[in-house]
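Below is one structure, written out as structure tokens; the observations come after it.
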Amino acid sequence: MEKITTIKGIKDILPEDAPTWNHIESIARQVFGSFCFREIRVPIMEKTELFKRSIGETTDIVEKEMYTFRDRDDELLTLRPEATASIIRAYIEHNMHSFDQITKLYTMGPMFRRERPQKGRFRQFHQIDVELFGDEKPQSDVEVIFMLMHFLQSTAIEELSLEINSLGCKTCRPVFSQAVVNYLRGSKNALCPDCQRRMSTNPLRIFDCKVETCNLIIAKAPQILDYLCPDCKEHFAQVKSYLTDLNVAYGINPKMVRGLDYYTRTAFEVKSGLLGAQNALAGGGRYDGLVHSLGGPEVSGIGFAVGIERLFACLPNNKKNIFPTDLFIAALGERAQKMAFGLTNEMRRAGISTEKDYSDKSLKSQMKRADKLNTSFTLIIGDKEIDEKRVELRNMNTKTQQVLPMNNLRDTIIKIIKER
RNA sequence: GUGGGUGUAGCUCAAAUGGUUAGAGUGCCGGGUUGUGGCCCCGGAGGCUGAGGGUUCAAGUCCCUUCACUCACCCCA
């Protein structure tokens with residue numbers, strides 16, 4: 001029979017890794033909670049229209065990376081490629097702005113993009129996503145960035161670098177964009193084919209092209225930071241100032257342009273040298289017109305997403321987790337098996353993690369298995385012990401054994417294990 | 001969608017110029033101890049060499065096709 005495998009670019013999270021995932025997620029909940037963000041759980045499927053309107057019709061994500069299908073009633077549905085759109089939809093749908101001017105939300109879960117997989121990039125991947133609505137002050141940019149850095153540091157990852165930029169707003173960005181196109185027009189033929197195409201689709205993308213000749217040309221191009229309008233310039237200056245006040249180290253990357261259409265003003269990325277080509281493990285920015293354009297009130301927003309797989313890859317010792325087991329019950333003989341089966345399940349009901357072997361193997365085999373399961377104690381029950389109304393409890397770490405009376409055995413063992 | 005790399009045991013990898021029955025380590029199972037784990041020793045199971053075709057007396061090895069994985073481009077977390 002041919003084996004059925006996972007879909008390309010989609011991976012299992014194995015038992016040895018699941019505890020680390022849980023750990024990352026619980027740190028996120030704890031950190032975000034202390035910044036007064038609240039968890040929301042949104043569906044992984046939405047109407048296709050939502051993503052088209054938020055992310056942008058002409059972005060790569062919408063044009064060629066979405067998992068879209070026609071439902072039985074002909075409605076077009078899409079597996080979410082990111083979470084921001086869903087959160088905004090929920091924010092609008094449930095009129096959250098009417099409860100408080102400021103709404104702070106986070107969510108986490110799988111996202112889907114049909115890309116060619118590579119290191120740090122998958123077709124199903126997981127993000128932790130944070131959004132803050134209703135405040136356009138630079139402090140909210142900094143609150144979100146500070147929280148992100150604090151979260152990442154709390155997971156003990158190292159070699160982080162924060163880069164920030166300002167992308168301007170709807171008044172100053174088009175001016176800049178046009179200036180870049182004007183500058184490049186003369187040397188268009190010297191650009192790589194990709195960049196020639198970008199000149200009409202997304203000229204700002206040329207800034208992070210990796211082809212050397214493009215780099216030389218773009219190096220002397222106008223810089224967004226010189227084109228910011230007075231308001232954007234002031235906003236960016238304050239963001240930098242507050243970051244410095246909070247001792248958040250950052251670099252300014254005037255060439256950082258983010259791929260989703262909706263970003264305005266502050267954009268930021270956290271990179272790690274441990275990741276390979278896909279070196280951004282978190283990214284985000286401000287999106288001041290987006291909520292309104294999705295049918296909501298005129299509120300600004302800012303948020304970020306952390307790639308959990310990428311964060312996981314940066315963790316210092318992501319060694320395999322071996323679960324400890326409290327108790328293994330080794331039984332020898334028919335009467336002992338029967339009694340051990342009952343006792344095993346009684347121990348489990350008392351919250352003691354307990355395992356036993358149902359096949360009638362040698363004591364040596366059962367001990368080996370107990371060892372492999374990283375057991376603290378092994379209880380040995382044979383028919384002999386039943387006759388003598390006493391059992392032996394072995395401490396696997398100290399290699400010492402004690403004899404326990406059969407009556408009230410359950411409570412005796414619980415007491416010993418809890419006192420350990 | 002485009003390019004490069006790699007496919008041999010559960011896992012990590014060997015097998016000179018094509019040449020007999022494809023090996024090792026590790027893991028797994030069992031034994032050494034008739035009822036005691038890790039260390040040590042011994043034994044065992046486990047492979048259509050990714051798949052299909054071709055060249056040859058002979059293919060894991062050479063050629064073609066295809067698939068999978070992987071890295072990179074594009075793009076993004």
Side-chain angles (χ1 to χ4, degrees), chain A residues 2-3 5-9 11 55 58-65 80-84 108-130 148 152 192-195 197-198 201-202 205 208-211 256-260 263 268-272 275-285 303-314 320 325 328 330-333 336 359-385 391-401:
Chain A
E2 203 176 322
K3 280 194 277 196
T5 60
T6 53
I7 302 165
K8 182 198 285 288
K11 297 213 182 303
I55 299 168
T58 62
T59 56
D60 277 27
I61 291 178
V62 171
E63 272 185 347
K64 49 194 193 206
E65 294 176 0
R80 64 179 180 192
E82 53 115 48
T84 302
M108 53 187 82
M111 310 293 156
F112 305 85
R113 291 182 202 172
R114 200 185 185 291
E115 302 178 272
R116 194 79 167 259
Q118 69 185 75
K119 190 180 177 68
R121 202 179 66 183
F122 312 96
R123 290 185 174 181
Q124 175 177 329
F125 58 101
H126 297 75
Q127 289 186 337
I128 299 174
D129 193 89
V130 168
L148 169 62
L152 293 174
C192 71
D194 279 332
C195 285
R197 179 178 51 82
R198 286 176 178 128
T201 58
N202 192 348
R205 277 254 148 240
D208 53 20
C209 181
K210 278 146 193 147
V211 176
M256 180 173 68
V257 274
R258 300 193 45 77
L260 290 72
Y263 285 117
F268 54 94
E269 255 175 33
V270 181
K271 293 181 177 174
S272 167
L275 282 175
Q278 309 302 322
N279 62 355
L281 70 146
F304 65 77
V306 180
I308 303 184
E309 284 86 354
R310 292 185 187 178
L311 168 55
F312 189 92
C314 293
K320 303 189 171 190
T325 304
F328 190 92
L332 295 156
S359 61
D360 202 19
K361 287 189 186 172
S362 69
L363 181 58
K364 177 176 178 165
S365 294
Q366 298 193 50
M367 293 294 292
K368 271 191 169 177
R369 180 144 182 257
D371 187 55
K372 191 157 61 185
L373 296 177
N374 199 11
T375 311
S376 304
F377 292 91
T378 300
L379 186 70
I380 299 166
I381 308 175
D383 287 348
K384 186 180 88 184
E385 278 77 10
V391 295
E392 294 189 57
L393 184 69
R394 181 175 178 84
N395 182 321
M396 299 296 277
N397 301 318
T398 62
K399 298 195 254 189
T400 55
Q401 235 161 269

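Hydrogens, waters and symmetry mates play no part in the numbers below; they use all other heavy atoms, side chains included.
For the atom pair A:Leu281 CG and A:Ile308 CD1, the distance stands at 11.5 Å (nearest 0.5 Å). Rounding to the nearest 0.5 angstrom, the gap separating the OG1 atom in A:Thr378 from the CZ atom in A:Arg369 is 11.5 Å. One distance of note links CD of A:Gln401 with NZ of A:Lys399; it measures 12.5 Å at 0.5 Å rounding.
Going from atom CZ of A:Arg123 over to atom C1' of B:C74 covers 14 Å, rounded to whole Å. Atom pair A:Gln124:CD and B:A77:P shows a separation of 17 Å (rounding to whole Å applied). Between the CG atom of A:Leu393 and the P atom of B:U36 there is a distance of 17 Å, given to the nearest Å. Regarding A:Met367, its CE atom lies at a distance of 16 Å from the P atom of B:G32, rounded to whole Å. Residue A:Phe377 contributes atom CZ, which lies 20 Å from atom P of B:G38 at whole-angstrom precision. Between the CD atom of A:Gln278 and the C1' atom of B:C74 there is a distance of 10 Å, given to the nearest Å. Between A:Asn279 atom CG and B:C71 atom P there is a gap of 15 Å when expressed in whole angstrom units. Residue A:Glu115 contributes atom CD, which lies 11 Å from atom P of B:C75 at whole-angstrom precision.
Nucleotide B:G43: paired with B:C29 (Watson-Crick or G-U wobble, both distances less than 3.5 Å). Using N1 to N3 plus N6-O4 or O6-N4 for Watson-Crick, or N1-O2 and O6-N3 for G-U wobble, each under 3.5 Å, B:G37 pairs with nothing. Across every strand in view, B:C69 sits in a pair with B:G5 that passes the Watson-Crick or G-U test at under 3.5 angstrom.
Residue A:Gly120 is classed as a base contact, given a heavy-atom separation below 4.0 Å to a base. At the heavy-atom level, A:Ile380 lies under 4.0 Å from base atoms of the strands shown. At a threshold of 4.0 angstrom between heavy atoms, the contacts of A:Leu281 are confined to the sugar-phosphate backbone, with no base atom among them. Residue contacts for A:Glu65: at a heavy-atom cut-off of 4.0 Å it reaches the sugar-phosphate backbone alone, with no base atom in range. Counting any heavy atom pair closer than 4.0 Å across all strands shown, A:Ala370 reaches no nucleic acid atom. Residue contacts for A:Glu63: at a heavy-atom cut-off of 4.0 Å it reaches no nucleic acid atom on any strand shown.
With both ends at atom C1', the span from B:G7 to B:G52 equals 15 Å, rounded to whole Å. Nucleotides B:C48 and B:G10 place their P atoms 8 Å apart, quoted to the nearest Å. Across the C1' atoms, B:G53 and B:A45 are found 34 Å apart, a figure rounded to whole Å. When the C1' atom is used for both B:C28 and B:G19, the distance is 34 Å, rounded to whole Å. B:C63 and B:G5: their P atoms are spaced 12 Å apart (whole Å). For the C1' atoms, the distance linking B:A59 with B:A15 amounts to 14 Å, nearest Å. Atom P of B:U70 sits at a distance of 14 Å from the matching atom of B:U8, rounded to the whole Å. Nucleotides B:C39 and B:G47 place their C1' atoms 31 Å apart, quoted to the nearest Å.
Between A:Arg121 and A:Gln401, the residue anchored nearer the 5' end of RNA chain B, judged by the nucleotide with its closest heavy atom, is A:Gln401.
For A:Lys361, a side-chain nitrogen or oxygen approaches OP1 or OP2 of B:G30 to under 4.0 Å. Using a 4.0 Å cut-off, no side-chain N or O of A:Thr375 falls inside it from OP1 or OP2 of B:G37. Regarding contacts with the backbone of B:G35, every side-chain N or O of A:Gln366 stays at 4.0 angstrom or more from both OP1 and OP2.
Ranking B:A72, B:U36, B:C74 by closeness to the A:Arg394 side chain, first place goes to B:U36. Among the nucleotides B:C75, B:G38, B:A77, the one closest to any side-chain atom of A:Lys399 is B:G38. With distances taken from any side-chain atom of A:Asp371 to the nucleotides B:G30, B:A77, B:G37, the minimum falls on B:G37.
Here the closest heavy-atom approach between residue A:Arg80 and residue A:Met108 is recorded as NH2-O, 4.4 Å. Scanning both residues, A:Ile380 and A:Met367, for their nearest heavy atoms gives CD1-SD, 4.4 Å. Closest approach of A:Leu379 to A:Val391, counting heavy atoms only: CD1-CG2, 3.7 Å.
The shortest distance between side-chain heavy atoms of A:Leu148 and A:Phe268 falls below 4.5 Å. Contact check for A:Glu82 versus A:Asp129: no side-chain heavy atoms found under the 4.5 Å cut-off.
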N/O-N/O pairs, protein side and nucleotides 5-9 of chain B side, under 3.5 Å:
none

Just the table, please: protein N/O against nucleotides 68-70 of chain B N/O, every pair under 3.5 Å.
residue : atom : partner : partner atom : Å
B:C69   : OP2  : A:Lys8  : NZ           : 2.8
B:U70   : OP1  : A:Lys11 : NZ           : 2.9

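Within 3.5 Å, a donor on the side chain of A:Lys364 pairs with an acceptor on the base of B:G32, or the reverse. For A:Arg369 and B:G37, a side-chain-to-base donor-acceptor distance below 3.5 Å is absent, hydrogens and geometry of angles not being considered.
Checked options A:Glu115, A:Arg113, A:Glu65, A:Arg114; the residue passing with A:Pro81 is A:Arg113 (criterion: side-chain contact (heavy atoms from CB on, under 4.5 Å)).
Looking at A:Thr325, its side chain does come within 3.5 Å of a backbone N or O of A:Leu373 through a donor-acceptor pair. With hydrogens and angles disregarded, a donor-acceptor distance shorter than 3.5 Å links the side chain of A:Glu309 to the backbone of A:His126.
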**Message:** Would A:Ile7 and A:Gln124 count as a side-chain contact (heavy atoms from CB on, under 4.5 Å) here? Give the steps.
**Reply:** CA-CA 9 Å; A:Ile7 302 165; A:Gln124 175 177 329; over 6 Å; no
